[in-house]
Amino acid sequence: MNNEKEGKRIALYATNDILEICEQDIEKSNSKNRSHFICKAVKFYHCYINKDLTDSVLTPAFETVVDARLNLAEDRIAQIIFKLAVEMAYTMNILAGAFELDPDKIERMKYRVQHEVKAINGSINLEDIIRYQNGE
């Protein structure tokens, strides 16, 4: 007949500052009263001082959850990069068909663009590119 709601009344000695801390934090901890708050605090402290015991259980579970989240993010990023590569190939094919460009000029432009993208940390602005191409 022992369940969680049954309890045992005990005498507890606590200083006034500890009792004041209890009163201040009862609401923050979603406790019903001071006794409930103290029970929650004791359970928390028990977990804290026995953290070496819980690490063997929590760490693998936590790692599994983090790995799953990272794999999901990695898959999403890979899909986005693939879509971006398709769009780039599409754009390059249109440009290659529309213009006859000198291979040497293309190599120089590729070198310049690589350094420019590094310098601006990938923040490409179409207006700036148009001004550059128009000699401004």
Side-chain angles (χ1 to χ4, degrees):
M1 190 116 171
N2 257 346
N3 67 24
E4 209 171 281
K5 292 188 179 188
E6 289 183 19
K8 187 175 183 180
R9 187 174 297 269
I10 63 164
L12 174 72
Y13 173 80
T15 58
N16 286 335
D17 58 330
I18 296 298
L19 293 174
E20 190 169 319
I21 289 171
C22 291
E23 293 300 323
Q24 289 174 356
D25 292 343
I26 285 174
E27 224 176 274
K28 293 178 190 172
S29 68
N30 293 323
S31 298
K32 300 172 192 164
N33 52 41
R34 188 185 306 157
S35 294
H36 189 241
F37 175 80
I38 291 170
C39 289
K40 286 174 83 172
V42 168
K43 286 180 183 178
F44 176 82
Y45 188 65
H46 172 74
C47 289
Y48 174 76
I49 63 175
N50 291 298
K51 70 181 185 322
D52 293 336
L53 299 174
T54 57
D55 281 350
S56 61
V57 175
L58 293 177
T59 302
F62 183 69
E63 286 175 1
T64 302
V65 170
V66 170
D67 283 345
R69 291 287 184 160
L70 286 174
N71 287 337
L72 181 62
E74 184 181 336
D75 290 344
R76 288 181 178 168
I77 291 170
Q79 289 174 354
I80 291 170
I81 291 172
F82 176 79
K83 289 177 181 179
L84 181 61
V86 169
E87 289 297 319
M88 287 296 298
Y90 176 72
T91 303
M92 291 172 133
N93 276 284
I94 289 173
L95 289 173
F99 302 102
E100 287 185 27
L101 299 173
D102 177 27
D104 291 334
K105 186 175 181 181
I106 291 174
E107 272 306 308
R108 286 193 311 273
M109 183 173 30
K110 183 178 177 181
Y111 178 79
R112 182 189 57 79
V113 168
Q114 283 176 344
H115 288 284
E116 182 180 331
V117 170
K118 279 183 187 178
I120 60 175
N121 201 21
S123 179
I124 301 168
N125 185 332
L126 182 60
E127 288 83 17
D128 291 342
I129 294 171
I130 292 172
R131 279 195 290 274
Y132 176 83
Q133 293 296 329
N134 291 333
E136 296 176 24

**salt bridge (charged side-chain N to carboxylate O under 4.0 Å, His left out) evaluation trace for Glu127 with Arg131** = CA-CA 6 Å; Glu127 288 83 17; Arg131 279 195 290 274; over 6 Å; no
**Request:** Evaluate whether atom NE2 of His115 has more than 12 neighbouring non-hydrogen atoms of other residues, nucleotides or ligands under 6.0 angstrom away.
**Result:** yes
**Gap separating the CE atom of Met109 from the CG atom of Asp102, nearest 0.5 angstrom** = 10.0 Å
**Prompt:** Nearest 0.5 Å, what's the OH-CD1 distance between Tyr45 and Ile38?
**Reply:** 15.5 Å
**Complete:** So NZ of Lys28 and CZ of Phe37: to nearest 0.5 Å the spacing works out to 9.0 Å
**Asked** Quick one: CG on Asp128 to CD on Gln133, what's the gap to the nearest 0.5 Å?
**Response** 12.0 Å
**Message:** Show the nearest heavy-atom pair for residues His36 and Ser31, with the distance to one decimal.
**Reply:** ND1-CA, 3.2 Å
**Request:** Could you check Val66 against Phe62 for side chain to side chain contact (heavy atoms under 4.5 Å, CB included), going step by step and ending with a plain yes or no?
**Result:** CA-CA 6 Å; Val66 170; Phe62 183 69; 3.7 Å; yes
Side-chain donor-acceptor pairs of residues 17-26 under 3.5 Å, sequence neighbours excluded:
residue : atom : partner : partner atom : Å
Asp17   : OD1  : Thr15   : OG1          : 2.3
Glu20   : OE2  : Gln24   : NE2          : 3.4
Glu23   : OE2  : Arg34   : NE           : 2.9
Glu23   : OE2  : Arg34   : NH2          : 2.8

**Steps toward side chain to side chain contact (heavy atoms under 4.5 Å, CB included) verdict (Glu116, Tyr111)** = CA-CA 9 Å; Glu116 182 180 331; Tyr111 178 79; over 6 Å; no
Would you list the atom pairs, donor with acceptor, under 3.5 Å between side chains in residues 68-91 and any protein atom, with sequence neighbours excluded?
residue : atom : partner : partner atom : Å
Asn71   : ND2  : Asp67   : O            : 3.3
Thr91   : OG1  : Glu87   : O            : 2.9

**Message:** What I'd like to find out is whether the side chain of Tyr48 reaches to under 4.5 Å of the side chain of Lys43, using heavy atoms alone.
**Reply:** no
